Amino acid sequence: MKRSYTSCGELNAGNIGDTVTIKGWVNRRRDHGGLIFLDLRDRYGITQVVANPENAPEAHRTAEGVRGEFVLAVTGEVGRRPEGTENPNMATGEIEVVVSTIDVLNPSKTPPFYVNEESDVDESLRLRYRYLDIRHPRMQRNLRIRHQAVKFIRDYLDDRDFLEIETPIMVKSTPEGARDYVVPSRLYPGEFYALPQSPQQLKQLLMISGVDRYYQIARCFRDEDLRADRQPEFTQLDLEMSFVDREEVLELTEGLFREMFKQIAEKPLQQTTFPRMSYHDSILRYGTDKPDVRFGLEISDVSQVIQDSEFGVFANTVSSGGVVRGFAIPGRAEIPRSQVDALTEAAQGFGAKGLVWIGLESGENGLAARSPIAKFLSDGEVRGLADATGASAGDLMLFVADAEDRAAEVLGRLRNHVAEQYNLIDESVHAFVWILDFPLFEWDEDAQRWDAAHHPFTSPMDEDIPYLDSDPGRVRAKSYDLVLDGYELGSGSIRIHDRSIQNRMFGLLGYSEEQVEARFGHLLRAFEYGAPPHGGIAPGIDRTIMLLAGEQNIREVIAFPKNQSGQDLLMGAPSPIEPEQLDELHLQLNLPPEPDEENS
RNA sequence: GGAGGCGUAGUGUAGUGGCCUAACACGCUGCCCUGUCAAGGCAGAGAUCGCGGGUUCGAAUCCCGUCGCUUCCGCCA
């Protein structure tokens, strides 16, 4: 149904002569003593209103008392602005509403920050007054993009026979994974519901239920510390399909994201067919399982090249089982000392023992090295390093010698750091990439046992099943991560539907039969009644929208987010509850001691 | 839990040992002003420089502690 009044964005020259009523907030007021101009703002735009004391003395008197953010209903005739006073910067700049009456629907206090311009205001203040912050075009746009993306997802999946099904928010606590948020039970003293970390088990049950293609825009909860891309409650596109292999999940997901970005994103995709990379390759070439492939600086292993080097650090690292890896920065051979020091410091901050740099110059016999370790390097080694990293004269090579996983991590982070530092990221595109063939298990050093890398229902690759008992670290999973611009958007896998393999998984993870029964009994019983092969994925909605909107922080695409300390500054949560509420829930508080206030 | 950055009128910033009785812009209040659109002009109010302690003849400025925000590490099957 059309609204009964006119919005602030729709009037144009075609409406000249119409009598209209527009409603909205006062964006700006310009008082000329005689004429008063008011810019009225709503979601759809801004329209100039002019109050003339000669035509409408009463309305003019009202306009004198109006201030920013007052809510008005203005009635008047749409007029063409006088020759020479049109504003080409405004969508409605050809016209104005010549006031006959102004109705102040509500006054406003002076806002604590500017609503009529974008400025870099302290985020706590924005969050405390989020309802004012959301009046900004930036937030309006972000929330609109979010709506469009979610609507696109629903339409796309609806076209492909998916059913959207809601699963409970109050579920059962499982000690797996992240810390649970829990809800005390009034009816069962001492017992608790948990909020879902994801609807993982429920969607698998829906597959057994014959739903066959399920999705949900699912709210998930994890009681872990926050980051720029992590909130304690967040939204996933949770989806699952029956009778599919990995390829079908990848194709469905890839199609969805490709079309969604084509329709909504402002930037094109670097490649419309998402590149695929094994976990192993990603760690080797990018030092991370969520590579940003919008820039080069690819990492190479040069251990073979310098294993016999006279430079002891290199040779010794390799002979003791470590690696030497590095990458080249094009055109930076002449790097000043201060920048070398800064890079070294950064690398050490990432966990490196040190950083070797080699500037390549053209010399008499080909390449010459400018480096503190130049005197230890043969011409052949310099050439070998250049070949391995793809460097040529004028480029700067950086190397780290360490244990394999440490070297990979340091270089991965250094690669991102350098790209940012030297502006090497192609910000004009989005780059998706699939990371495949993750290991099924990770070794938990603290607990001295194998842990599920994804979750315990992830299927091993068929050809790796023989190594389940003999060499668990070698077993690859039928799992996959969708990565965009260096952010992990989501993970998925083909699940185990074979009870005997599931039992072997639990055995390897060190669960006793009692633990298995207590945690997963319901799911395993369901698997005994005809579970179809199935698999799915769960991309994060907030991160996707963040990247679609070009934001650096998911709080910018969430209407009412928590701050980094996990507080809702607008509502004031968390907060104490009444003793009566505690009693009803059979709870007693066991608070940490108050900090000593004697010295304050 | 750890590391870095930040904290000065309502907002954004300047000021890094005395010239600070803390400056500038916007906002706010009052007056003037009939074609502005970041309107303009004049006048004015508004800050115990996050908080506490210390060094010093003297601290927004240096030191110590503490609190808040933020980014990262740990954590996030």
Side-chain angles (χ1 to χ4, degrees), chain A residues 27-40 46-55 60 67-69 79 81-90 92-93 96 98 109-129 132 174-180 197-198 200-201 220-232 234 345-346 348-351 409 413 416-417 438 440-442 444 446 450-458 477 479 488 491 493 505 509 519-520 538 540 552-553 555 563-565 567 569 595-600:
Chain A
N27 195 58
R28 246 173 241 285
R29 172 176 172 277
R30 292 177 296 279
D31 185 347
H32 287 233
L35 292 179
I36 296 175
F37 297 96
L38 300 174
D39 291 340
L40 213 58
I46 292 179
T47 295
Q48 173 166 287
V49 164
V50 56
N52 189 325
E54 289 167 9
N55 313 338
H60 183 265
R67 292 294 180 274
E69 302 311 312
R81 295 196 189 184
E83 178 101 34
T85 67
E86 303 89 350
N87 186 342
N89 301 317
M90 282 177 84
T92 60
E96 63 195 355
V98 183
K109 293 172 71 173
T110 301
F113 52 81
Y114 301 116
V115 176
N116 54 15
E117 59 186 80
E118 301 285 339
S119 55
D120 200 12
V121 181
D122 177 63
E123 199 183 353
S124 317
L125 198 63
R126 293 177 55 201
L127 292 179
R128 193 153 61 242
Y129 294 94
L132 297 180
T174 56
E176 302 301 302
R179 212 173 282 118
D180 280 324
Q197 296 180 23
S198 82
Q200 181 62 37
Q201 294 186 31
C220 305
F221 306 86
R222 294 179 190 174
D223 187 3
E224 299 293 348
D225 286 350
L226 290 79
R227 289 283 189 282
D229 62 350
R230 260 164 49 189
Q231 284 270 304
F234 61 100
E345 204 174 303
Q348 286 169 340
F350 300 146
E409 190 199 335
R413 294 178 62 185
N416 285 331
H417 176 81
F438 280 77
L440 188 60
F441 301 103
E442 286 168 349
D444 184 335
D446 294 333
W450 292 102
D451 210 356
H454 185 45
H455 58 60
F457 312 111
T458 304
S479 67
E488 182 200 314
S491 305
S493 63
M505 274 294 283
L509 295 171
R519 295 178 194 178
F520 310 115
Q552 309 256 2
N553 189 308
R555 293 188 298 269
N563 70 0
Q564 187 163 25
S565 312
Q567 298 165 305
L569 294 177
D596 187 6
E597 287 178 25
E598 304 232 338
N599 302 331
S600 63

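Because the structure is predicted, anything quoted here is derived from the model rather than measured. First the proteins, then the strands, lettered A, B, ... as listed; each starts at 1.
Among the heavy atoms of the strands lying under 4.0 Å from A:Thr85 is at least one base atom, whether or not backbone atoms are also near. A:Gln200 comes within 4.0 angstrom of a base, heavy atoms only. Across all strands, A:Arg29 comes closer than 4.0 Å to no nucleic acid atom at all (heavy-atom distances). Within the nucleic acid shown, A:Thr174 has no heavy atom closer than 4.0 Å to any nucleic acid atom. Looking at heavy-atom distances under 4.0 Å, A:Pro112 makes contact with sugar-phosphate atoms alone, never a base. Using a 4.0 Å heavy-atom distance criterion, A:Leu125 is classed as a sugar-phosphate-only contact. Within the nucleic acid shown, A:Asn563 comes within 4.0 Å of sugar-phosphate atoms alone, with no base atom in reach, counting heavy atoms only. Nucleic acid contact class of A:Glu86 (heavy atoms, under 4.0 Å, all strands): base. In this structure, A:Arg126 reaches neither bases nor backbone, as no heavy-atom distance under 4.0 Å exists between it and the strands shown. Within 4.0 Å of A:Arg81, counting heavy atoms only, lies at least one base atom of the nucleic acid. At a threshold of 4.0 angstrom between heavy atoms, the contacts of A:Glu96 include nucleobase atoms, whether or not backbone atoms are also involved. Heavy atoms of A:Asp120 sit under 4.0 angstrom from primed sugar atoms or phosphate atoms, though from no base atom. Counting non-hydrogen atoms under 4.0 angstrom, A:Asp444 reaches nothing in the nucleic acid.
When distances run from any side-chain atom of A:Gln48 to the nucleotides B:U29, B:G35, B:U70, the shortest one goes to B:G35.
Along RNA chain B, the nucleotide closest to A:Leu569 and the one closest to A:Ala178 are compared, and the more 5′ of them pairs with A:Leu569. For A:Ser119 and A:Phe37, each mapped to the nucleotide of RNA chain B holding its nearest heavy atom, the one lying further toward the 5' end belongs to A:Ser119.
A sub-4.0 Å separation between OP1 or OP2 of B:C69 and a side-chain N or O of A:Ser565 is present. Taking side-chain N and O atoms only, A:Asn89 has no distance below 4.0 Å to OP1 or OP2 of B:A38. Within the structure, a side-chain polar atom (N or O) of A:Arg30 is placed less than 4.0 Å from OP1 or OP2 of B:A39. Residue A:Arg67 places at least one side-chain N or O closer than 4.0 Å to OP1 or OP2 of B:U29.
Between B:U11 and B:G2, the two P atoms lie 30 Å apart (nearest whole Å). Straight-line distance between the C1' atoms of B:U71 and B:C33: roughly 50 Å, to the nearest whole Å. B:U34 sits 13 Å from B:G40 when the C1' atoms are compared, rounded to a whole Å. Using C1' as the reference atom, B:G27 and B:A38 are 12 Å apart when rounded to the nearest Å.
The two residues A:Glu123 and A:Arg555 make their nearest non-hydrogen contact at OE2-NE, 2.6 Å.
With its ring centre under 5.5 Å from that of the base six-membered ring and a plane angle below 30°, A:His32 counts as stacked on B:A39.
Heavy atoms of other residues, nucleotides or ligands lying less than 6.0 angstrom from CD of A:Glu224 number more than 12.
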_Is there a ring-ring contact (aromatic ring centres under 6.0 Å, His included) between A:Phe234 and A:Phe221? Walk through the geometry before answering._
CA-CA 7 Å; A:Phe234 61 100; A:Phe221 306 86; 8.2 Å; no

